[in-house]
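Working notes, structure below.
Heavy-atom basis, side chains included; hydrogens, waters and symmetry copies ignored.
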Amino acid sequence: MPQLLRIPYQGQLPDWFWQVPARVYQNQPYRPDENPALTEQLFAHEAERNGIVLFGTADAGLRLAGIFPKNSSDAYFGFWETLNDAANNEAAFAALADEARQQGYSRLVGPLNFSTYHAYRLRLGEQPPSWGHFDREPVNPAYYPGLLTALGFQPISTFESRLIRPETVPAVFADKDMLLRELGKIPYDFIPLTPEVWEQHEPEIYELVQAIFGANPAYRPVSLKQFRLLYNRHYAERLCPYTSVLFRDQANGQLAALSFCHPNYQALQLPAHEHPVFERDFAKLPRKVLLAKTVGVHPEYRQRGLMSYMGAYGMVHFRERYEEVIFCLMRTGNYSLHFTDGLDYEVAEYALFGKEL
């Protein structure tokens, strides 16, 4: 068995960190979205509030980051990529678990790349869904969940993505007809999310995201600087301005809810250094699939039906521009799942895993 390295992070990721995914995904029909420059920046940001130790080697075909947050009883593992080798993973996770115990942590949770704000979860199932892979969807070889289960991990949170097929769309409109009729009567302004609107409202959007998702399990607040690593004008340029929206309370001007939606650009196979742009790329797509990616309501505005109204807002423009819609990465039991309950859909499932130490 190859000798596994243990390397405390000291400001730069080693070359083998990047070599492992190339081996793991060389025969897979997809690979995770990973930008080395952004990942390096993320590690540099997070090193200020986490201990970080890397395990693995290119020869072993394994990489694993142990993440030790300050002021938490949970340690995390993230950036995990591996060949299907039980012995190597047993050795790496045993070393990580020993280190976590020595530092006083009671549970190991992952895969989670520092926070639920960033990539986390595994996709479950032996076969990929019909859509293959959408932007920032957790993707991994089918053997990953089995490796974790053999090591004593169990799902602690589960999630779903639901594809609504074209033949179901008329039923969707019939089922939500009342919402569509009422949409123009509610006391909120609808602000379509263009790149210009994003830049104008960026600080408010940042605060709204923190308020909406701050109570989610394993979510950790991020600075505005770190927020801008992923969510910035380049991100806004990929959004569909017809279905992405901010709801603003007409009474006080406060942003109450958000919906970030964009087409599935995967079919274009854009180079890693080129980000998609809706105005440039939408017409090139061979199939128009809308991704309902990030939808949420400020805690002060919940229980008012805004989640359903945002779904209705998106539907107004959906039928004339898109053939299918995927409601992405909804947590099991979350209210957002109810919008598609009772409809015919294809589902993909995901899980975040944990193990008591």
Side-chain angles (χ1 to χ4, degrees), residues 21 24 30-34 39 42-43 46 49-50 52-53 55 62-69 71-82 89 92-93 96-97 99-100 105-126 128-129 133-162 209-210 212-222 230 291-296 326-337 347-357:
V24 172
Y30 46 75
R31 64 180 298 168
D33 305 308
E34 185 170 63
T39 301
L42 176 58
F43 268 78
E46 290 289 348
R49 61 176 181 174
N50 299 282
I52 307 171
V53 179
F55 301 87
L62 184 152
R63 77 177 196 192
L64 178 67
I67 299 167
F68 305 104
N71 304 318
S72 172
S73 61
D74 290 345
Y76 305 144
F77 71 91
F79 303 90
W80 177 50
E81 301 291 357
T82 180
N89 279 276
F93 276 94
L96 171 56
E99 190 141 342
Y105 293 95
S106 59
R107 189 170 67 160
L108 187 57
V109 173
L112 194 154
N113 294 358
F114 296 114
S115 168
T116 57
Y117 175 75
H118 300 291
Y120 72 108
R121 301 168 283 208
L122 292 182
R123 190 162 75 179
L124 309 180
E126 291 297 318
H133 173 212
F134 59 73
D135 175 66
R136 297 183 185 175
E137 180 184 13
V139 290
N140 45 267
Y143 55 81
Y144 275 32
L147 285 174
L148 288 186
T149 300
L151 293 169
F153 287 88
Q154 298 293 329
I156 58 172
S157 297
T158 56
F159 308 82
E160 296 181 16
S161 293
R162 295 179 176 183
V209 168
Q210 303 290 326
I212 290 172
F213 301 106
N216 286 1
Y219 183 88
R220 302 175 72 204
V222 297
L230 293 181
L291 303 178
K293 288 297 296 292
T294 301
V295 183
I326 302 174
F327 292 86
C328 305
L329 299 167
M330 301 173 290
R331 190 169 74 251
T332 303
N334 190 283
Y335 183 80
S336 58
L337 276 173
V347 65
E349 298 178 320
Y350 318 82
L352 180 68
F353 289 77
K355 176 182 178 179
E356 299 297 324
L357 296 176

Non-hydrogen side-chain atoms of [X] and [Y] separated by less than 4.5 Å:
X      : Y      : result
Phe77  : Lys355 : no
Leu96  : Phe68  : yes
Phe159 : Pro138 : no

Considering non-hydrogen atoms only, spot the tightest contact between [X] and [Y] and give its length.
X      : Y      : answer
Ser161 : Leu329 : OG-N, 3.0 Å
Arg63  : Pro21  : NH1-CG, 3.3 Å
Ala75  : Ala100 : CB-CB, 4.0 Å
Arg162 : Val347 : CG-CG2, 4.4 Å
Pro141 : Val24  : CG-CG1, 3.8 Å
Arg136 : Leu230 : NH2-O, 3.7 Å

- Is there a donor-acceptor pair closer than 3.5 Å between any side-chain N or O of Tyr350 and the backbone N or O of Tyr120? no

- Counting only N and O atoms by type, is there a donor-acceptor contact under 3.5 Å from the side chain of Lys293 to the main-chain atoms of Asp135? yes

- Apply salt bridge (Lys or Arg N to Asp or Glu O under 4.0 Å) to Asp33 and list each qualifying residue two or more places apart in sequence or on a separate chain. none

- Excluding sequence neighbours, so at least two apart, what forms salt bridge (Lys or Arg N to Asp or Glu O under 4.0 Å) with Glu81? none

- Task: Just say parallel, tilted or perpendicular for the rings of Phe43 and Phe114, cut-offs at 30° and 60°.
- Result: perpendicular

Rounded distance (nearest 0.5 Å) linking atom [atom1] of [X] with atom [atom2] of [Y]:
X      : Y      : atom1 : atom2 : result
Ser115 : Asn50  : OG    : CG    : 9.5 Å
Arg107 : Tyr76  : CZ    : OH    : 8.5 Å
Asn140 : Arg123 : CG    : CZ    : 7.5 Å
Arg49  : Ile67  : CZ    : CD1   : 10.5 Å

Checking [X] now: which residues fulfil side chain to side chain contact (heavy atoms under 4.5 Å, CB included) with it, not counting sequence neighbours?
X      : answer
Leu147 : Trp80, Thr82, Asn84, Ala86, Asn89, Tyr143
Asn113 : Phe79, His118, Ala119
Ala292 : Cys261, Phe327

- Task: Please find out if less than 6.0 Å separates the ring center of Phe55 from that of Phe93.
- Result: no

Less than 3.5 Å apart, which donor and acceptor atoms pair up between the side chains of residues 149-158 and the rest of the protein, not counting sequence neighbours?
residue: Thr149; atom: OG1; partner: Pro145; partner atom: O; Å: 3.0
residue: Thr158; atom: OG1; partner: Thr332; partner atom: OG1; Å: 2.8

- Going through the distances and angles, do Leu148 and Leu122 end up as a side-chain contact (heavy atoms from CB on, under 4.5 Å)? CA-CA 10 Å; Leu148 288 186; Leu122 292 182; 3.7 Å; yes

- Candidate pair Phe213 and Thr116, rule side-chain contact (heavy atoms from CB on, under 4.5 Å), full reasoning: CA-CA 9 Å; Phe213 301 106; Thr116 57; over 6 Å; no

